[in-house]
Amino acid sequence: MGIEPIEISISSSEEESWDTIWKWSWFTREIWASEHWERTKRALQPVFSILSKLRVRSILDCSCGLGFKTVMFAKMGYKVEGSDASAIAIKYAPKLAKEQGLRIKFFRSRYEELGKNCNRRYDCVYSDYFDEIENYKTLRASAKGI
Ligand SMILES: C[S@@+](CC[C@H](N)C(=O)[O-])C[C@H]1O[C@@H](n2cnc3c(N)ncnc32)[C@H](O)[C@@H]1O
């Protein structure tokens, strides 16, 4: 019996890579989601205490992925929307919110384009990925967009 070759392709685009990650994450979520909800809740505890001190009411979760943190913000009573550069994340995030009994607005935007894609203001723009921006030029443009 011959061994079938496996074809591996590496994407050069970060957005395409995230699309792939979110596609498979959505597909396999029954395996990992319940643990992820717990991790997300723990990770947000320090954020919740800052938000309440700052009297924040509205939040844009601008690297929302599938929207786990966005949903958690909504459950804590914040008026929240989610955005992300990944089209696949934005396709599935409303479905995750719906499964949790919530209707949340999600839209596609890179940080750099938020000024153009957003027609409102928020008390807080939250990102759990801003520290991972790959270079100084993108960091400056992202900060400006946010
Ligand atoms: C670590 S994941 C987010 C996980 C998600 N917040 C959660 O709690 O499950 C980082 C996200 O940042 C997004 N992202 C990366 N660079 C971005 C950019 N320049 N603008 C907008 N989103 C970006 C990616 O598409 C990815 O969905």
Side-chain angles (χ1 to χ4, degrees), residues 7-146:
E7 200 176 300
I8 297 175
S9 66
I10 298 172
S11 168
S12 57
S13 135
E14 197 188 347
E15 274 170 35
E16 206 178 290
S17 303
W18 279 112
D19 280 350
T20 306
I21 289 169
W22 293 132
K23 196 175 190 175
W24 284 100
S25 300
W26 181 258
F27 182 61
T28 57
R29 73 192 187 285
E30 277 179 23
I31 302 167
W32 56 268
S34 64
E35 217 174 286
H36 192 64
W37 282 118
E38 283 308 310
R39 264 201 307 274
T40 301
K41 203 172 178 180
R42 273 200 305 278
L44 284 179
Q45 288 315 312
V47 180
F48 289 140
S49 86
I50 294 169
L51 295 177
S52 98
K53 276 185 203 139
L54 294 175
R55 305 211 178 140
V56 164
R57 292 172 58 108
S58 60
I59 302 172
L60 175 66
D61 181 8
C62 74
S63 39
C64 65
L66 294 178
F68 281 83
K69 291 192 176 111
T70 328
V71 163
M72 215 52 115
F73 285 130
K75 285 188 173 174
M76 289 299 287
Y78 292 100
K79 290 191 174 78
V80 67
E81 294 182 359
S83 63
D84 199 285
S86 159
I88 300 291
I90 295 305
K91 174 180 169 189
Y92 290 124
K95 296 182 199 280
L96 183 80
K98 198 173 170 202
E99 283 179 4
Q100 296 293 313
L102 296 164
R103 254 178 74 129
I104 298 176
K105 180 182 169 185
F106 290 96
F107 60 96
R108 189 176 177 199
S109 180
R110 292 186 60 80
Y111 311 132
E112 302 91 305
E113 294 165 346
L114 280 171
K116 185 178 70 170
N117 295 335
C118 250
N119 52 9
R120 55 160 293 183
R121 297 175 71 87
Y122 306 88
D123 297 336
C124 166
V125 180
Y126 172 84
S127 172
D128 61 7
Y129 199 68
F130 191 76
D131 56 322
E132 302 206 35
I133 291 172
E134 66 272 25
N135 59 55
Y136 188 64
K137 191 174 164 220
T138 312
L139 183 92
R140 278 185 70 96
S142 300
K144 194 172 172 203
I146 287 169

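Here the structure is a predicted model, which means the values were calculated and not measured. Read the numbers this way: they start at 1 and go in the same order the structure lists the ligands and their atoms.
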inquiry  = With side-chain contact (heavy atoms from CB on, under 4.5 Å) as the criterion, how do Tyr78 and Asp123 come out once you've worked through the C-alpha distance, each side chain's angles and the decisive distance to 0.1 Å?
reply    = CA-CA 10 Å; Tyr78 292 100; Asp123 297 336; over 6 Å; no
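- For the pairing with Trp32, the side-chain contact (heavy atoms from CB on, under 4.5 Å) check across Arg29, Glu35, Glu30 returns one residue only, Arg29.
- Asp61 contributes no side-chain N or O that, together with a main-chain N or O of Gly82, makes up a donor-acceptor pair within less than 3.5 Å.
- Put simply, the side chain of Gln45 gets close to the backbone of Lys41: a donor and an acceptor are under 3.5 Å apart.
- Classified by interplanar angle (parallel below 30°, tilted 30° to 60°, perpendicular above 60°), the ring pair Trp24/Phe27 is perpendicular.
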I'd like a table of the close N/O pairs between ligand 1 and the protein (anything under 3.5 Å), one pair per line with both atom names and the distance.
from, atom 1, to, atom 2, distance (Å)
ligand 1, 6 (N), Ser63, O, 2.9
ligand 1, 6 (N), Asp128, OD1, 3.4
ligand 1, 6 (N), Asp128, OD2, 2.7
ligand 1, 8 (O), Lys69, NZ, 3.4
ligand 1, 19 (N), Arg110, NH2, 3.3
ligand 1, 19 (N), Glu112, OE1, 3.3
ligand 1, 20 (N), Tyr111, N, 2.9
ligand 1, 22 (N), Ala85, N, 3.3
ligand 1, 25 (O), Asp84, OD1, 2.6
ligand 1, 27 (O), Trp22, NE1, 2.9
ligand 1, 27 (O), Asp84, OD1, 3.1
ligand 1, 27 (O), Asp84, OD2, 2.7

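- Looking at Glu16, Lys23, Arg108, Glu15 one by one, the single match for side-chain contact (heavy atoms from CB on, under 4.5 Å) with Ile88 turns out to be Lys23.
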